[in-house]
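Residue numbering restarts at 1 for every chain, and letters A, B, ... go by the order of the sequence lines.
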Amino acid sequence: MDLKELYQEIILDHGKNPRNKKKCDGFNKEAEGYNPLCGDKVHVFLKLDDNKKVIDVSFEGEGCAISMASASIMTEIVKGKDFDIAKKIISEFLTMIREGSKITINNVSKNENVTMMSLSGVKKFPMRVKCATLAWHTFISAAEEKKETVNTEKID
Amino acid sequence: MDLKELYQEIILDHGKNPRNKKKCDGFNKEAEGYNPLCGDKVHVFLKLDDNKKVIDVSFEGEGCAISMASASIMTEIVKGKDFDIAKKIISEFLTMIREGSKITINNVSKNENVTMMSLSGVKKFPMRVKCATLAWHTFISAAEEKKETVNTEKID
Amino acid sequence: MDIKLIKSQFPIFQEKINGKPLIYLDSANSSQKPKRVIDRISKFYQKEFSNIGRSVHSLAVTATNRFEETRDIVKKYINAKSREEIIFTKNATESINLIATTYGEKFIQKGDEILITELEHHSNYVPWHFIRQRKGAVIKFAECNDKGEVDVDEIRKLISSKTRIIALTHLSNVTGAILPIKKIIDLAKTKKIPVLIDGSQAAPHLPLNMQELGCDFYAISCHKMYGPTGVGILYAKKKWLDELSPYHGGGGMIEEVKKDGITFAESPAKYEAGTLQTAEVVGFSESIKFIENIGIKNIMQHEKEIMEYGLEQLRKHNSVKIIGDPKSRGSIISFTIKGIHPHDIATILDEDGVAIRAGHHCCQILHEKFGIAATARVSLGIYNSKEDIDVLSKAINNCKKVFKI
Amino acid sequence: MDIKLIKSQFPIFQEKINGKPLIYLDSANSSQKPKRVIDRISKFYQKEFSNIGRSVHSLAVTATNRFEETRDIVKKYINAKSREEIIFTKNATESINLIATTYGEKFIQKGDEILITELEHHSNYVPWHFIRQRKGAVIKFAECNDKGEVDVDEIRKLISSKTRIIALTHLSNVTGAILPIKKIIDLAKTKKIPVLIDGSQAAPHLPLNMQELGCDFYAISCHKMYGPTGVGILYAKKKWLDELSPYHGGGGMIEEVKKDGITFAESPAKYEAGTLQTAEVVGFSESIKFIENIGIKNIMQHEKEIMEYGLEQLRKHNSVKIIGDPKSRGSIISFTIKGIHPHDIATILDEDGVAIRAGHHCCQILHEKFGIAATARVSLGIYNSKEDIDVLSKAINNCKKVFKI
Ligand SMILES: Cc1ncc(COP(=O)(O)O)c(C=O)c1O
Ligand SMILES: Cc1ncc(COP(=O)(O)O)c(C=O)c1O
């Protein structure tokens, strides 16, 4: 049943108890994301060091289980990684969500891979894809210091 | 065949050789009529005496055979009659065009009755009804000194 | 009244959604269409189609007659004083924009006040916002109380000598509240302030009587009235249509066109530029016949029964919170479930074939007021039954199961 | 190409007009609809209908996909750069009003010049007239020559440092002239003046390639393209849609709505307020497929052949005068008959089942220029054949007989 694929244990857990849902200490970059269709909002806070390594990352926001879980998972995945690597991972993640492909990049642990893949169920729910991708886009926007709010109507 | 009813000999004759198509001498009232759908235009000139008798009446204008014939016939019918009687005749004429009734008023000669009835064929051609009634409305407008152009979209 | 029989007139209910029968609870968004409406459109294209009002050939005459007959049918259905008061637009949104623009342009100046309510759909706020921006006017929002209603006193309080128009919804598309518009219109009349009613939600569910209401403008959305998409109606008192400027410029709305000036046709032509939604308008005549055949009173009564059953069933769920509790309620129920976001609810319900809407329903002001980003909304049509509510209720249980609540 | 087979796809040709087969020569007014378009609309209502873009349930997903797929199909068909450049309106008239209003509001000031031509349909003049009135701008009319054409030099002559926009028809709906719009656009580019093309008549008959043309705006009327009524298209370069203000305000075109301010969605949503013409847009996807199946080149060639045969046959009638003689002509022929008013011609032709249009065809400026109040107009579609012209020719003989010419 597709619903079980969508609302996997991992997602329900992250949705209910999102990790890193706060303003992280000493963040030096941030960005907002917005999904005008649903009203989902996410605000990403990011601490990059001079070598562009993600020292810390967190988010605030409100939205459906998918968007909150997705934001929570995103913070776990990218924290501690170099931004360039994080960007590659995110690119694979977005392709996975859109096209149902596997994640093959070897910069993520097996565990991380499983966690990211827990969001693969949204592919069968086209109206929910944007919920799953919002935080990831917003992270990149924060790191690259784009001025505008990420708007799911403008991306994807 | 309906076409023969529409384009009766009398109408073709009046259409080709309209009577009283000029500015009549000494007119003291006038009004314009316009059919925005077809572009038919008619300008009625009218000489009423103090007793409201139609001393002279004429028209200028351009339009289809029906509208020109109808204007020509109108001038013939009302000329020499008291305005109040002309108004009654016109009222019967308009009902005839709309509802296909006969003209029973006894202020018109048998000949005049036949001439007016020659326009009865338009009833079967709803898009042409306004062509047949424009001049008659405009005559009344002239006599009653209404300011606005008669517009077939506003009447009927 | 045999609801099964009525429902069987809607072909869509033969479809399966995720293998389940369709339980359509999203009629406030757009209603489904009965076969006679769908067939009328087809037949029109198949046998009668031509552009209207311009050509003198037989097809054009037929098409024009069918189109204009619909205007008469609408006039009669809403009891307007004259057919010239019925303008066909593309949706209720255009109807409201038309008035906001033409009335606003002429009668609203810097510092003038536009009075709307916190319940308004974006379609009855954004057009006034444009006027606010262009003219430097002020928009005042009549407050909505805890029950999701706006009462006459709230309106009275906000009326001032600068109020130029009152624009408000007849029936809230979120709380379902039916506003006391007759009283508000009567009040406004004593102050000589024109009133625009957004009837998008009311028109499918309440009797409409323009002469009795006495409002100046009334906007209708035909696709919510079992009608085709692409048609809206603007009712406006004749004096306004005479007084206001035209809106869209183009073919059909002119009287005479010269290089240095243009004169315009009278209404309704004045406000209907270009080729109209001919087939859709003709199709809509069947929607009104459909409603009239059942009788709007019967529709109201049936929907009320289902709505009340729905409230009862929803209230049985501890975790469900119903938004607003209006004394007079149309067949709309918005709710939230503690711990489950409305979008997740909608997705899970859909698995059971239950179609509801989740979101802010184009009422962000109201959602902000209630401090929630989104709600789930159940809205009814004549085809709904108590069984639909039962399926809904079971599907809500499923939501709770998925989310382990 | 088997025209009989193509014609058989149009149900209306099974109808009799005054007991005669329908000879439809009024496609410039509105084209007839092939069965696949009619059926698509029915099927959509029967099996897929729901409001789009707002709900997350399955029906809404399907409907949204069908709707947005049509945008992609249109984008591809007219070779726009991106799908965001395709705005669905209710007709070409609205498309032009949208641009005249939003562009005019922002970029046209007192004394500025709007350059149009004497060939323009009222829909491409009245909206600019509104801007002229509101802003104190000037409208300059490029002259149409005896052949019913407007050439590049005429445009060049009128361009000044005050010209803010050039708006002109691609194909005249009276003389049939195809204007050298590519050259005019190239010229305008050197002067940095944006160009709006009224493509209402061209779109059904000529290949469309926005990127090659390079125009800023292009208006299309879907009901003239074998499509449903109630849909038009506005193509606009992305940069304009980003830069101009929204037009209608309402649901779907906003980003965030607060009491003291509103931010707007990006195009296309920015310009598509309220519930759209969902079924009609979806139906239109079949119109494009219909055209593509035949091939626009084949359509052009066929229509050209019939049009030339029509000119030849009409010229055989001494009393017939053809209006204009453009070098490059679309399948439109306007004419007069000495001694018979066009309305009488149309009525008499109709008795023989021949549907033509008579009047000023929403081009009063042009008719005044030619010193005639009205013309009779024959306009072709893919379903017309030489036999239709033969029936027309005989029907004209009948006109002459009735009028004893
Ligand atoms: C050249 C031209 N422009 C504009 C229009 C207006 O198109 P629509 O009626 O679809 O708005 C037409 C058709 O009537 C036309 O022929
Ligand atoms: C209260 C209200 N007003 C206006 C609208 C807009 O109607 P439409 O989408 O037909 O323009 C809607 C429906 O979406 C509504 O519910």
Report, one line per pair, each donor and acceptor closer than 3.5 Å where one atom sits in a side chain of residues 313-321 of chain C; sequence neighbours left out.
unit_1	atom_1	unit_2	atom_2	d
C/His317	ND1	C/Lys400	NZ	2.8
C/His317	NE2	C/Ser393	OG	2.8

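Here C/Asp344 contributes atom CG and A/Leu3 contributes atom CG; the two are 10.0 Å apart, rounded to the nearest 0.5 Å.
Proximity to chain C is limited to the side chain of A/Glu9, based on heavy atoms less than 4.5 angstrom apart.
A donor-acceptor pair under 3.5 Å is formed between the side chain of A/Lys16 and the backbone N or O of C/Phe403. Without hydrogens or angle criteria, A/Arg128 side chain to C/Thr347 main chain gives no donor-acceptor distance under 3.5 Å.
Few gaps surround NZ on C/Lys20; more than 12 heavy atoms of other groups in view lie less than 6.0 Å from it. Within 6.0 Å of atom NZ in A/Lys88, 12 or fewer heavy atoms from other residues, nucleotides or ligands are found, so the atom counts as exposed in its surroundings. In A/Lys87, the NZ atom is not crowded: 12 or fewer heavy atoms of neighbouring residues, nucleotides or ligands sit closer than 6.0 Å.
For the pair A/Phe125 and C/His343, the minimum side-chain heavy-atom distance is 4.5 Å or more.
Applying a 4.5 Å heavy-atom cutoff, the residues of residues 58-71 of chain A that approach chain C are A/Glu62, A/Gly63, A/Cys64, A/Ala65, A/Ile66. Below 4.5 Å, heavy atoms of chain C meet no heavy atom from residues 41-56 of chain A. Residues of residues 99-120 of chain A never come closer than 4.5 Å to chain C when only heavy atoms are counted.
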